[in-house]
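Structure, as structure tokens:
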Amino acid sequence: MGVMNKFMNFLGLQEEEQVVEREMLQEEELETPAFDKRKNQRGSNVVSIHSQKNVKVVLYEPRSYDEAQEIADHLRSHRSVVVNLQRIRKDQALRIIDFLSGTVYAVNGGISKVGHNIFLCTPDTVEIQGSITEILADSESELDRMR
């Protein structure tokens, strides 16, 4: 490259390129705003508080085990799903809960019982906090004991 630079200088082409490059660098420095320099110096990233604009909760009332995959697809799409299993046979409901438990585990989510045969399945972006006690089951068992 040294020989090439000397040849270019001899022809007078090298100086012009250097001047053009300097002018381009000065223009680029003028175009970049000052806050970019501060951002690079700190090394921090700015993250929007409103990263998820459309948070959806899907209500689902399956009639058969075949619909469990549709519920799992919603979870994989980072949507929370409330599953009502009151209108399905007990054996089918257990199979659906087993399937959804595996899906929730795969997406690092959570599953929580929110009522009699009603479950809340959430992806990893949603945190479930607290618990709901089964008042109806407790009161029914007390009635059975009284009889």
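Counting from 1, the numbers follow the sequence of the chain as shown.
Sorted by first and then second residue, the salt bridge (charged side-chain N to carboxylate O under 4.0 Å, His left out) pairs involving residues 67-81 (not counting sequence neighbours) are Asp73-Arg76.
Listed by chain and residue number, Glu61 satisfy the side-chain hydrogen bond (donor to acceptor under 3.5 Å, both in side chains) test with Arg87 (two or more places apart in sequence, or in another chain). Asp91 is linked by a side-chain hydrogen bond (donor to acceptor under 3.5 Å, both in side chains) to Arg89, counting only residues two or more places apart in sequence or in another chain. Residues forming a side chain to side chain contact (heavy atoms under 4.5 Å, CB included) with Gln86 (at least two apart in sequence, or on another chain): Asn84, His116, Asn117, Ile118. By the side chain to side chain contact (heavy atoms under 4.5 Å, CB included) test, Asp98 pairs with no residue at all, sequence neighbours left out.
The CG atom of Leu120 lies 6.5 Å from the OG atom of Ser112; values are rounded to the nearest 0.5 Å. The NZ atom of Lys56 sits 9.5 Å away from atom NE2 of His74, with the distance rounded to the nearest 0.5 Å.
Members clustered with Ile111: Val58, Tyr60, Tyr65, Ile71, Leu75, Val81, Val83, Leu85, Ile88, Ile96, Ile97, Phe99, Leu100, Val104, Phe119, by chain and number, using a 4.5 Å side-chain heavy-atom cutoff among hydrophobic residues. Other members of the cluster containing Tyr105 do not exist, because no ILVMFWY side chain is joined to it at under 4.5 Å.
Side chains of Ser80 and Pro123 form a contact here, defined as non-hydrogen atoms less than 4.5 Å apart. Residues His78 and Asp124 have side chains in contact (heavy-atom distance under 4.5 Å, counting atoms from C-beta outward).
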